[in-house]
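The structure appears below as structure tokens.
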Protein chains: 2
Amino acid sequence: MKKVTMRDVAEHAKVSKSTVSQYLNKRYDYMGAETKKRIEEAIRVLGYQPNYVARSLKQKKTSTIGVIVANILHSFSTQVIRAIEDYCHEQDFHVIVCNADDDPEKERKYIEMLRAKQVDGLIVFPTGENLDLYDRMIEEKFPLVFVDRLIDQLPVRCVLLDNEAASELAVDHLADQGYRRIAIMTTSLERKITPRIERISGYRKALEKHGLEPKEEYIKSLEIPSMKEEVKNMLSLPEPPDAILAANDMALMEILSAVKDENIRVPEELAVVGIDEVSFASLFTPSITTVEQPAFLMGKEAAAMLLELTEKPERVAEKHVLRYEPSLHPRESS
Amino acid sequence: MKKVTMRDVAEHAKVSKSTVSQYLNKRYDYMGAETKKRIEEAIRVLGYQPNYVARSLKQKKTSTIGVIVANILHSFSTQVIRAIEDYCHEQDFHVIVCNADDDPEKERKYIEMLRAKQVDGLIVFPTGENLDLYDRMIEEKFPLVFVDRLIDQLPVRCVLLDNEAASELAVDHLADQGYRRIAIMTTSLERKITPRIERISGYRKALEKHGLEPKEEYIKSLEIPSMKEEVKNMLSLPEPPDAILAANDMALMEILSAVKDENIRVPEELAVVGIDEVSFASLFTPSITTVEQPAFLMGKEAAAMLLELTEKPERVAEKHVLRYEPSLHPRESS
DNA sequence: CCGGTTTACTAAATCGATTTAGTTAATGCA
DNA sequence: TGCATTAACTAAATCGATTTAGTAAACCGG
């Protein structure tokens, strides 16, 4: 049951390997009709299937790209991944997805493995800690696109949300509805992660715009497990917030869980708005007001950009920061 | 900026390529300490990184497996994929995921592409239409595991839910709560897809067990877009159901959407139970009773099984149908 | 100090394609 | 007829590793 190779096809069709290769690559320029038929026949009866590994070695390209997401638990990541996969498969590229789990060591390992596998390019939601690797890729003009997070000093393509606008949309909406004591909660504190920082700064600016004073007790970023507790704390402040902005989908889930535990009426006692669209937003009672990222578009753009770099690697180091506009879905929770 | 190869390392360290290869593969049996140091040094200063494509060609293995899911929109698929990826990455295997979109032609294309890429094995949620390809893989002893769906006549490993038990759990629970007019709704009608068929037959058997007569108006399988409409139809029957079992997560979402549109009180007017756990089940008001598949376990098992077959391909054709037990999460919606 | 063993390495074949530089035969045109 | 073209192929090098068979020197016991 050994593998059938091009050599076998060649022998069976009584031509050379070269001719078979030409045939497979549709270089029919000077190929006899008779020969063509014989090769076709040989391929059929032997059940030949090409070996892309061999071809990749020779051609120095694999038609495969890698995607390393910082944390696959975010719905945003999965939406972007789907968009990338759809686009790439359309273009006959394959995709290998890795989840760095917000761990720079894992990120390093995956970057190294994927490069060893000779992927033609990488889309990375960077943890931000492996500057040497990022630098090296850029220097080598290895096709690279960053998503969701910015590394200021690096000249590289980036696809991300206008995060300040996202918070602004949410705060504007809440302020318009008459809410004055607006809190914000987000996950992940450690490293300076772009979306978290920008969403908080956008929130501060928007408050200011509406003449509202930011209170530090209303601005919390903490790990998932302590989140519900903090919602409860906030609500038992002398002056509790009348609205909470969840800075991402995971924060939203925790807030909703706390709200249910405590039997808080939404939006009468507390308004809730989430950044990131979630599958259940409109099904919920009350339905949840959200600020949606155009995740699908962003994924598609990132993929398109990467595949383009694949053909023009000299342009890898041109810095392009593409900001996408979020959109508000006003619903019953605010 | 050309690539550094083993040859470059060898020259720089003044040894042969073979020695460098031994070094990289940690065959230190008879290697001088001095030589070792020189190679190490050369690798460092040149920034050498191995090329797995070349290695794969020689070794005839890629340390990569393919996963082809029938429809990635199901939460079950994404959970299984995550489990597979986690397990494989732990074992230093890579995973390429493809979404066949319930289209047998796409499935065929992906199977062919992945095999051309020389993946070491395939985990497939089979559409059921490409028997020739399935047959051929089994005949060639190509590592293969099926998930979620059964193809009766094929001797192959399968990982799936005890679907009849899932419906039974749901119906038992509903009957215990006093519901008598229990309906079931599911997506996808065309092909005879295992979970759909078994969940419906399990439902029928369970009804019978409880002395309830199955009514054809209560058993509906249709495409997503017409689903909401059908819920409304059902509820305006002379004798409307008092409970609906959603046979999967997508059906559940449609039912919940209809329930919200029509302002139906759950569970007073209509109880709702879903097969497949969804992220928002416990957050919802009312929280949703679900029957959970052990998706994570199933994915892990499928991956473990496949990697084992990778080492014992002679066992590919042994038929093993692994059935997993679902579990009930009783909540407020029933 | 001689034949065998052990140590430390290397040359060359190989994996399965692609590609370049030819080769041979047929054809065209003056 | 004679020389350049063109058509239809092919031989061999190549991609970057792994691996097998082999070599040469050092060692070692009798």
Side-chain angles (χ1 to χ4, degrees), chain A residues 1-40 42-43 46-64 112-113 115-120 140, chain B residues 1-40 42-43 46-64 112-113 115-120 140:
Chain A
M1 214 48 74
K2 66 227 16 142
K3 282 267 165 165
V4 179
T5 78
M6 240 179 54
R7 142 164 268 111
D8 302 314
V9 174
E11 276 166 15
H12 188 278
K14 306 210 182 308
V15 295
S16 73
K17 282 195 302 168
S18 330
T19 307
V20 177
S21 177
Q22 323 272 34
Y23 171 85
L24 288 168
N25 292 290
K26 309 202 187 304
R27 311 226 124 282
Y28 298 140
D29 306 13
Y30 302 115
M31 195 171 315
E34 166 63 14
T35 314
K36 221 145 84 178
K37 206 157 278 171
R38 282 213 315 282
I39 295 176
E40 211 165 328
I43 288 176
L46 297 178
Y48 168 77
Q49 296 206 270
N51 180 328
Y52 286 1
V53 170
R55 146 196 292 214
S56 293
L57 176 58
K58 188 73 224 274
Q59 293 192 154
K60 294 161 173 289
K61 61 178 192 187
T62 53
S63 299
T64 302
E112 281 168 355
M113 278 187 96
R115 296 214 54 192
K117 277 185 107 67
Q118 311 296 114
V119 295
D120 295 338
E140 292 177 6
Chain B
M1 213 46 74
K2 68 230 9 145
K3 281 266 164 167
V4 179
T5 78
M6 240 179 53
R7 142 164 269 112
D8 302 313
V9 174
E11 275 166 16
H12 188 276
K14 305 208 183 306
V15 295
S16 73
K17 283 194 303 170
S18 331
T19 308
V20 177
S21 178
Q22 323 271 33
Y23 172 85
L24 288 168
N25 291 290
K26 309 202 187 303
R27 310 227 123 283
Y28 298 140
D29 306 13
Y30 301 115
M31 194 171 316
E34 167 63 15
T35 314
K36 221 145 83 177
K37 205 156 279 171
R38 281 212 317 279
I39 295 177
E40 212 164 328
I43 288 177
L46 298 179
Y48 169 76
Q49 296 207 273
N51 180 327
Y52 286 180
V53 171
R55 147 196 293 215
S56 292
L57 176 59
K58 188 75 226 273
Q59 292 192 156
K60 293 162 172 290
K61 61 177 191 190
T62 52
S63 298
T64 302
E112 281 167 355
M113 277 186 97
R115 296 214 56 193
K117 276 185 108 64
Q118 310 297 112
V119 295
D120 296 338
E140 291 177 6

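Residue numbers start from 1 in every chain, and the chains themselves are labelled A, B, ... in the order their sequence lines are given, proteins ahead of strands. Side chains included, hydrogens not; waters and symmetry mates left out as well; all remaining heavy atoms used.
Closest contact between the side chain of B:Gln22 and the listed nucleotides C:dT19, C:dG16, D:dT19 involves D:dT19. Residue B:Ser16 places its side chain closer to C:dT10 than to any other of C:dT10, D:dT10, C:dC15. Side chain of B:Ala54, nearest nucleotide from D:dT19, D:dG16, C:dT19: D:dG16. Side-chain proximity of B:Thr5 to C:dC15, C:dT18, D:dG16: nearest is D:dG16. Here C:dA11 is the nucleotide among D:dC15, C:dA11, D:dT10 with the atom lying nearest to any side-chain atom of B:Ser18.
Remark: the A:Ser16 side chain and the A:Thr19 side chain contain an N/O donor-acceptor pair separated by less than 3.5 Å. A donor-acceptor contact closer than 3.5 angstrom links the side chains of A:Thr64 and B:Lys117.
The heavy-atom pair separating A:Lys61 from A:Asp120 by the smallest distance is CA-OD1, 3.4 Å.
We find that NZ of A:Lys61 is positioned 12 Å from C1' of C:dT18, with the value rounded to whole Å. Atom CG in B:Leu24 sits about 7 Å away from atom P in D:dT18, given to the nearest Å. Separating the CZ atom of A:Arg55 from the P atom of D:dC15 is a distance of 18 Å, rounded to the nearest angstrom. The distance from atom CG of A:Leu57 to atom P of C:dT14 is 17 Å, rounded to the nearest whole Å. Atom-to-atom, NZ of B:Lys37 to P of C:dA8 comes out at 15 Å; the value is rounded to the nearest Å. The distance between atom CD of A:Glu11 and atom P of C:dG16, rounded to the nearest whole Å, is 13 Å. Atom NZ in B:Lys17 sits roughly 10 Å away from atom P in D:dC15 (whole-Å rounding). Atom P of nucleotide D:dG16 and atom CD of B:Gln59 are separated by 17 Å, given to the nearest angstrom.
Among the protein residues, B:Met31 comes within range of the sugar-phosphate backbone only, with heavy atoms under 4.0 Å from sugar or phosphate atoms but none that close to a base. Residue-level contact check: B:Tyr48 touches the backbone only, with heavy atoms under 4.0 Å from sugar-phosphate atoms and none from bases. Backbone-only engagement by B:Val15 is indicated by non-hydrogen atom pairs under 4.0 Å involving sugar-phosphate atoms exclusively. Using a 4.0 Å heavy-atom distance criterion, A:Val20 is classed as making no nucleic acid contact.
Residues B:Lys58 and B:Lys14 both approach DNA chain C. Their nearest nucleotides, taken by heavy-atom distance, put B:Lys14 toward the 5′ side.
Put simply, the side chain of A:Thr35 and the base of D:dA8 share no donor and acceptor less than 3.5 Å apart.
Note on B:Tyr30: every side-chain N or O is 4.0 Å or more away from OP1 and OP2 of C:dA8. A:Lys60 has a side-chain polar atom (N or O) that falls below the 4.0 Å cut-off from OP1 or OP2 of D:dG16. Taking 4.0 angstrom as the limit, B:Asn51 places none of its side-chain polar atoms (N or O) nearer than this to OP1 or OP2 of D:dC15.
A cation-pi arrangement is found for A:Lys36 relative to A:Tyr28, the charged atom lying closer than 6.0 Å to the ring centre and inside a 45° cone about the ring normal.
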Test log, rule side-chain contact (heavy atoms from CB on, under 4.5 Å), inputs A:Tyr48 and A:Leu24: CA-CA 11 Å; A:Tyr48 168 77; A:Leu24 288 168; 3.8 Å; yes
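In this structure, B:Arg115 pairs ionically with B:Glu140, as a charged nitrogen and a carboxylate oxygen lie closer than 4.0 Å.
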